**Q** 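Structure in structure tokens, see below.
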Amino acid sequence: MSRRVVVTGMGAITPVGLNVGTFFQALKEGKHGFGTITKFDSTEYKCHVAAEVKGFDPKEHMDIKAARRMELFCQYAVAAAREAIEDAGLSMEKEDPWRVGCSVGSGIGSLQAMEREYDKLKSRGPSRVNPLLVPLMISNMAAGNVSIQFGLKGKSINVVTACATGTNSIGEAFRSIQYGEADVMVAGGTEGAVSPVGIAGFCSLTALSTVEDPDKCCLPFDKNRSGFVMGEGAAIVVLEELAHARKRNARIYGEVLGYGCTSDAYHITSPAEDGAGAARAMLAAIEDGGLVPEDITYINAHGTATHHNDLFETRAIKLAFGGHAGKLRVNSTKSMVGHLLGAAGAIEFVACLKEMEEGFIHRTVGYGTPDGELDLNYCQEPYREEIPYALSNSLGFGGHNASILVGKYTEDRRG
């Protein structure tokens, strides 16, 4: 029998708050983090709005010498991991470090390092390129730096599945504990891609909203949706085997019950039009958790505010849930924090845990105009109600579909 896995700590660096408490308070109040791009001059770009992290000072979260050898995406990850580990009350001095692992992914790594060093290469020659370029740039360095900073000597992995990265990272950590590879996993996602080439690339793909009004630039599931808004930040959780958490009297936020993954095998950017791949991922997570679709009342959707995603994800939900789909609450956290790419699924997982804890489903900010087939309950207003289970979806370029199911912890679940 596989081992039960619970969540005992959470950390977050987001466009609406630099810790889990301020992040979730913003969600409850319906406050978004959109504004004019400040990290570079976007005058010549079609898109001028992003969801930037504000007021982040690495010195407040880590040794400044260590921070200098980390790019922004790694700094965000280390800061969020520190909060999560402290929140969990996890003392590495009391743990077997070989049984504590790390699963922290980034969809892109550091575009800033690439831009900076490429400019040096072109203007000053190859001998002037920073010898640390590669370890600064590559996406696995988020997991590497988190492991180094906190002495995590167990399994250390970096899942890269574009916008599904955060969900896959937590899901693979869940599996690692289930099947005995670790007792504790520090898991999540991070991204810091608000940069010239990042914005230019997504603009050229016509994926980003070009609306300049921060209140109207990100409208998931709305008829007037115009594309996603680039976000940045990180979210990290501490997952533990249940007996391990009980032994140290850890606070338990919820239990990870199921995890499902599929591939559309269809197109490099568009989800499958019938939603079959995403539907199968959702059903796999529900079945893995020993539930049936009718047990689910709430879905935190991928909900990017692009035409294709919102339509095809809606089709996927209808395909998976049939007539029960109309009874579901479906919201998009991206309506307030934008699309954090490799960190998106992780921050949405944290949102699910907090919503379950407080019995509060946040609204999809900006949603107001229905659009034909998009006729589910997308939470135009918030709800206060008991949430026994939350299903979180992430869909990534390349056809990656990931769903993770979390539930309230009950001592007698599964016997």
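Just so you know, residue 1 is the first one in the sequence shown, and it goes up from there. Keep in mind that this is a model prediction, so the values were computed, not measured.
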**Q** How about K54: does its NZ atom have over 12 heavy atoms from other parts shown lying under 6.0 Å from it?
**A**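 Yes, enclosed.
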**Q** Any sub-3.5 Å donor-acceptor pair from H324's side-chain atoms to I296's backbone N or O?
**A**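 Yes; judged by distance alone, with no hydrogens or angles, the pair exists.
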**Q** Measure the spacing between SG of C74 and CD of Q149 and express it to the nearest 0.5 Å.
**A**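 The distance works out to 10.0 Å.
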**Q** Would you say R175's side chain and Y259's backbone share a donor-acceptor pair under 3.5 angstrom?
**A**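 Yes, the answer is positive, given that a donor and an acceptor are paired below the 3.5 Å cut-off.
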**Q** Between H267 and H308, does the side chain to side chain contact (heavy atoms under 4.5 Å, CB included) criterion hold? Intermediate values first, please.
**A** CA-CA 12 Å; H267 190 274; H308 280 14; over 6 Å; no
**Q** With no hydrogens and no angle check, is any side-chain donor or acceptor of R99 less than 3.5 Å from a backbone partner on V184?
**A**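 It does not hold such a pair.
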**Q** Supply the atom-to-atom distance F228 CZ to S335 OG, rounded to the nearest 0.5 angstrom.
**A**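 Rounded to the nearest 0.5 Å, the CZ-OG separation comes to 15.0 Å.
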**Q** Is the shortest heavy-atom distance from the side chain of I37 to the side chain of E52 under 4.5 Å?
**A**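 In short, these two side chains touch, coming nearer than 4.5 Å.
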**Q** Tell me whether K59 is salt-bridged to D57, with the criterion being a basic N under 4.0 Å from an acidic carboxylate O.
**A**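 Yes, K59 and D57 are salt-bridged.
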**Q** When you compare the side chain of V104 with that of I236, does any pair of heavy atoms fall below 4.5 Å?
**A**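 The answer is yes; the side chains approach within 4.5 Å.
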**Q** Side chains of residues 342-363: which donor-acceptor partners sit under 3.5 Å, not counting sequence neighbours?
**A**
{"from": "E348", "atom 1": "OE1", "to": "K334", "atom 2": "NZ", "distance (Å)": "3.4"}
{"from": "E348", "atom 1": "OE2", "to": "K334", "atom 2": "NZ", "distance (Å)": "2.7"}
{"from": "K354", "atom 1": "NZ", "to": "E357", "atom 2": "OE1", "distance (Å)": "2.7"}
{"from": "E355", "atom 1": "OE1", "to": "Y298", "atom 2": "OH", "distance (Å)": "2.5"}
{"from": "E355", "atom 1": "OE2", "to": "Y298", "atom 2": "OH", "distance (Å)": "3.4"}
{"from": "E355", "atom 1": "OE2", "to": "N331", "atom 2": "ND2", "distance (Å)": "3.2"}
{"from": "E355", "atom 1": "OE2", "to": "H362", "atom 2": "N", "distance (Å)": "2.9"}
{"from": "E357", "atom 1": "OE2", "to": "R251", "atom 2": "NH2", "distance (Å)": "2.2"}
{"from": "E358", "atom 1": "OE1", "to": "K28", "atom 2": "NZ", "distance (Å)": "2.7"}
{"from": "H362", "atom 1": "ND1", "to": "N331", "atom 2": "ND2", "distance (Å)": "3.4"}
{"from": "H362", "atom 1": "NE2", "to": "N331", "atom 2": "ND2", "distance (Å)": "3.4"}
{"from": "H362", "atom 1": "NE2", "to": "T333", "atom 2": "OG1", "distance (Å)": "2.9"}

**Q** On the 0 to 90° scale, with breaks at 30° and 60°, tag the F34-H32 ring pair as parallel, tilted or perpendicular.
**A**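 Rings of F34 and H32: parallel, under 30°.
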**Q** Which distance, rounded to the nearest 0.5 Å, do you find between the CZ of F150 and the CD of E86?
**A**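 The CD atom of E86 is 7.5 Å from CZ of F150, to the nearest 0.5 Å.
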**Q** When rounded to the nearest 0.5 angstrom, what is the spacing between CG in L328 and CD in E294?
**A**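 Going from CG on L328 over to CD on E294, the span is 9.5 Å.
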**Q** Hey, are K216 and D222 close enough for a salt bridge, meaning a charged N less than 4.0 Å from a carboxylate O?
**A**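 Salt bridge flag = no for D222 with K216.
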**Q** More than 12 non-hydrogen atoms from neighbouring residues, nucleotides or ligands closer than 6.0 Å to CE on M114, yes or no?
**A**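 Count not over threshold, so no.
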**Q** Please lay out, stage by stage, how Q112 and K39 fare under the test side chain to side chain contact (heavy atoms under 4.5 Å, CB included).
**A** CA-CA 11 Å; Q112 295 91 336; K39 292 183 180 291; 5.6 Å; no
**Q** Does E255 reach the main-chain N or O of Y409 with its side chain, forming a donor-acceptor pair under 3.5 Å?
**A**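 The answer is no, because no donor-acceptor pair under 3.5 Å joins these two groups.
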**Q** Okay, side chain of T262, backbone of G277: is any donor-acceptor separation there less than 3.5 Å?
**A**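 Yes: the side chain of T262 pairs with the backbone of G277.
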**Q** Atom NZ in K155, atom CD1 in I177: separation rounded to 0.5 Å?
**A**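 If we round to the nearest 0.5 Å, K155:NZ and I177:CD1 are 10.0 Å apart.
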**Q** Is there a donor-acceptor contact under 3.5 Å from the side chain of D119 to the main chain of R116?
**A**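 No.
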**Q** Just by distance, do the side chain of E313 and the backbone of G303 share a donor-acceptor pair under 3.5 Å?
**A**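 Flag set: sc E313 to bb G303 pair under 3.5 Å.
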**Q** Taking D63 for its side chain and A66 for its backbone only, find out whether a donor-acceptor pair lies under 3.5 Å.
**A**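 Side chain of D63 to backbone of A66, a donor-acceptor pair under 3.5 Å: yes, one is there.
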**Q** Does some side-chain heavy atom of S226 sit less than 4.5 Å from a side-chain heavy atom of T210?
**A**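 Side chain of T210 against side chain of S226, heavy atoms only: no contact under 4.5 Å found.
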**Q** If a pair satisfies salt bridge (Lys or Arg N to Asp or Glu O under 4.0 Å) and one of its residues is in residues 127-139, list it, with sequence neighbours excluded.
**A**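 Found none.
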**Q** For the ring pair F40 and Y45, is the centre-to-centre distance below 6.0 Å?
**A**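 Close enough - the centres of the two rings lie under 6.0 Å apart.
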**Q** For a quick check under 3.5 Å, do E191 and Y76 share a side-chain donor-acceptor pair by atom type?
**A**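 Judged by distance alone, the side chains do not pair up.
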**Q** To the nearest 0.5 Å, what is the distance between CD1 on I404 and OG on S392?
**A**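 Here the rounded value is 8.0 Å.
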**Q** Under 4.0 Å between a side-chain nitrogen and a carboxylate oxygen: does that hold for E386 and K408?
**A**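 A salt bridge links E386 with K408.
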**Q** Just say parallel, tilted or perpendicular for the rings of F221 and Y378, cut-offs at 30° and 60°.
**A**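 Correct class here is parallel.
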**Q** Considering residues at least two apart in sequence or located in another chain, which fulfil the salt bridge (charged side-chain N to carboxylate O under 4.0 Å, His left out) criterion with E117?
**A**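 By the salt bridge (charged side-chain N to carboxylate O under 4.0 Å, His left out) rule, E117 matches K120.
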**Q** Answer yes or no: is there a donor N or O on one side and an acceptor on the other, between the side chain of E373 and the main chain of R315, under 3.5 Å?
**A**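 Looks like no, no N/O pair under 3.5 Å.
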**Q** Between T190 (side chain only) and F73 (backbone N and O only), is there a donor and an acceptor less than 3.5 Å apart?
**A**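 Here the side-chain-to-backbone pair exists.
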**Q** Charged N to carboxylate O below 4.0 Å: is that the case for E385 and R329?
**A**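 So E385 pairs with R329 through a salt bridge.
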